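This is a predicted model, so every value here is computed, not measured.
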Amino acid sequence: MSQSEHKSGHEEAIVVRSPSMNRRQILSGGVSAAALVSGMGTAVAPSHSARADTPQSGGHLRLGITDSSSDETLDMTLATTIVPGVAAGALYNNLVEVDANNEPIPELAESWEASADARRWVFTLRQGVEFHNGKSLTVEDVIFSINRHRGEDSQSANKAMFAGVTDVAADGDRTVAITLADGNADFPFIMADWRTPIYAADTTNFDSGMGTGGYALESFEPGVRTALKRNPNYWKEGRAHVDSVEIIGINDATARNTALLSGEVDVINSPNRQTFSDLVATPGLQGIETQGFAHFTMPMRADTAPFDNNDVRLALKYALDREQLLRIVLSGRGTVGNDHPISPTNRFFASELEQTVYDPDKARFHVKQAGLDTLKVQLSASPASWGGANAIDAVAIFRESAAQAGIDIEIVAEPADGYWSNVWLNKAFCTSYWFGRESEDAMFSLVYAAGAPQNESFWSDERFQSLLLEARAELDAGKRREMYAEMQQILNQTGSSIIPLFNNDLLAASDKVGYGKVAGNRQVDGLRLVERWWMV
């Protein structure tokens, strides 16, 4: 990952110190039964007021979760599916937590501060925290955990995020200093990522689930079931309410619905969007819909003809009826995208940017500008390539709308098995899906930075790259907003990915389950449902 140029000098340090957390206030804040709260979460067809109740202790919580696999691991540096992520939110803690308002707040670090150039970050650890085996949290545990993401031999999925870390060292008995090659104003978000929990130093068996979290591991059957029990010595006030938890892998949407209807589970994620309203209208059930960062993409390889011509890319952008796609594919449960990956819930979303809309005449114009009489392209898709929404149905809609502009899209139906190794990053035009990131820098750096390993469109732009590096090190929010707005505009006008939709995260639950404001930064209440929810 490319790193930013930093400001010179170490003038007065800028202190970033989050206020003391009132966990009970956070949990009992409640979500209105009919209104979106702060753009993050809304309840759908609730049958009672469980969300506004005071959290209660006790009970057994059962979750039916999709995206389960037999190769699951509780080593978060290697985890790729949702089930271990949900378990991690119960077993482990991070230095920093992202709350339901998408703000970084203290977790294992009670506070942190940054140098004026955002290159040196000092985290002060919370006292009185123990691992499940009774070992006290130390700075050595933090150093060990961070260093697992660093170095040539690291297999961490977050290796690129830590590429700019030049040193991690104790700065006292309770403080850890992290030095970066270049400034990064969003570094607390990196320390809050689901793949960066804190393990005990010298841990070798990561599937033991040994952490400092609200729940300890009872059993772990990859692809089948994970059982947890409450940690009686948990340090957080107002969290980890239930006595025990089962996380059950159920990949089929119909099977998840059936399990909820029959009472075999209490909560399911990713219910079928077309039948969601009917499901949560069932007596005894409730639905939760959250706007977050997840989005669908159609990357076009900018290094491959005809997609190396921006007029071709613009023609295809104008040839897609996004509103129709939203209605049919997501049943209206989402928002249209504007060919950049920044969600309306991101801090620096450019709401002033003109929305790209379906316009067959403009599409024809750009085909001619590209020097072509006609345009015919192949678009690869799989039922599994749009994260719960059927990409085959989506590209069929695209084909129909594009035909009105004289563009012929040939659909290449790809098998789900092997899609991410054989099609993605290989075929010139395909469908893809991203959970998104809490910070603009993380999303841009992961997928749109020049040379990034996951730059799925193989696109680069000198001005975009310059702004990326400059914005990363800028601590002034107003200046960062201006830079990120320009970057969104560049992607909209010259980027090589069609980004048509942001999808809302859906959960369905028994009305015997209570919760507070639901986070949208990740699925399943920011992957923290187990710690935050309770039984009524």
Side-chain angles (χ1 to χ4, degrees), residues 23-24 26-28 41 50-51 55-68 72-74 76 79 81-94 97-100 107-108 131-132 192-195 197-198 207-222 224-250 256 259-260 264-270 288 290 505 507-510 512-536:
R23 304 291 181 181
R24 192 165 295 277
I26 293 171
L27 284 166
S28 62
R51 291 158 305 286
Q56 300 180 32
S57 298
H60 180 64
L61 178 64
R62 302 159 300 168
L63 310 179
I65 304 295
T66 189
D67 197 24
S68 182
E72 288 167 358
T73 175
L74 297 178
M76 290 300 104
T81 57
I82 299 170
V83 168
V86 174
L91 294 167
Y92 310 126
N93 298 121
N94 290 50
E97 177 182 353
V98 175
D99 68 10
E107 194 167 31
L108 291 179
F131 287 88
H132 300 147
D193 190 85
W194 68 293
R195 290 196 177 102
I198 303 303
D207 282 348
S208 68
M210 182 63 64
T212 58
Y215 291 86
L217 186 68
E218 279 197 317
S219 64
F220 176 50
E221 302 173 68
V224 181
R225 176 181 176 273
T226 302
L228 312 172
K229 61 180 179 181
R230 192 182 188 283
N231 173 10
N233 299 318
Y234 195 36
W235 59 273
K236 276 190 189 180
E237 178 186 353
R239 292 284 184 95
H241 305 288
V242 300
D243 295 327
S244 55
V245 179
E246 286 181 90
I247 304 170
I248 304 166
I250 309 176
R256 286 194 305 281
L260 181 63
E264 295 175 47
V265 298
D266 304 300
V267 183
I268 62 171
N269 75 323
S270 298
I288 304 94
T290 311
D505 184 43
L507 294 166
S510 160
K512 301 301 182 184
V513 176
Y515 50 90
K517 185 176 180 180
V518 179
N521 61 301
R522 297 281 178 182
Q523 292 191 52
V524 198
D525 200 355
L527 297 176
R528 296 292 187 121
L529 183 153
V530 173
E531 180 183 88
R532 295 173 177 173
W533 291 31
W534 61 89
M535 302 301 294
V536 176

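Among all heavy-atom pairs drawn from Gly58 and Asp243, the shortest one is CA-OD2, 3.4 Å. When all heavy atoms are compared, the tightest approach of Pro84 to Ala79 is CG-CB, 4.1 Å. Looking at every heavy atom in both residues, Leu108 comes nearest to Asn93 through CG-CB, 3.6 Å. The two residues Leu217 and Gly209 have their closest heavy-atom pair at CD2-N, 4.2 Å. Closest of all the heavy-atom pairs between Tyr92 and Met76 is CE1-CG, 4.2 Å.
Contact check for Leu507 versus Leu529: side-chain heavy atoms found under the 4.5 Å cut-off. Contact annotation: the side chain of Ile198 never approaches that of Thr212 to less than 4.5 Å [non-hydrogen atoms, C-beta and beyond]. Looking only at side-chain heavy atoms (C-beta outward), Phe131 and Asn231 stay at 4.5 Å or farther from each other. Between His132 and Ser208 there is no side-chain heavy-atom pair separated by less than 4.5 Å. Here the side chains of Val83 and Asp67 are not in contact, with every heavy-atom distance at 4.5 Å or above.
Side-chain contact annotation: Thr66 with Arg256, donor-acceptor N/O pair under 3.5 Å present.
Rounded to the nearest 0.5 Å, atoms CG (Asn269) and CD1 (Ile288) are 11.5 Å apart. One distance of note links CG of Asp266 with CD of Glu246; it measures 9.5 Å at 0.5 Å rounding. In this structure, Lys517 NZ and Tyr515 OH are separated by 13.5 Å, a value rounded to the nearest 0.5 Å.
Ion pairing between Glu97 and Arg532 holds under the 4.0 Å rule for side-chain N and carboxylate O. Here Asp99 does not pair with Arg528 in a salt bridge; the nearest charged N to carboxylate O distance is not below 4.0 Å.
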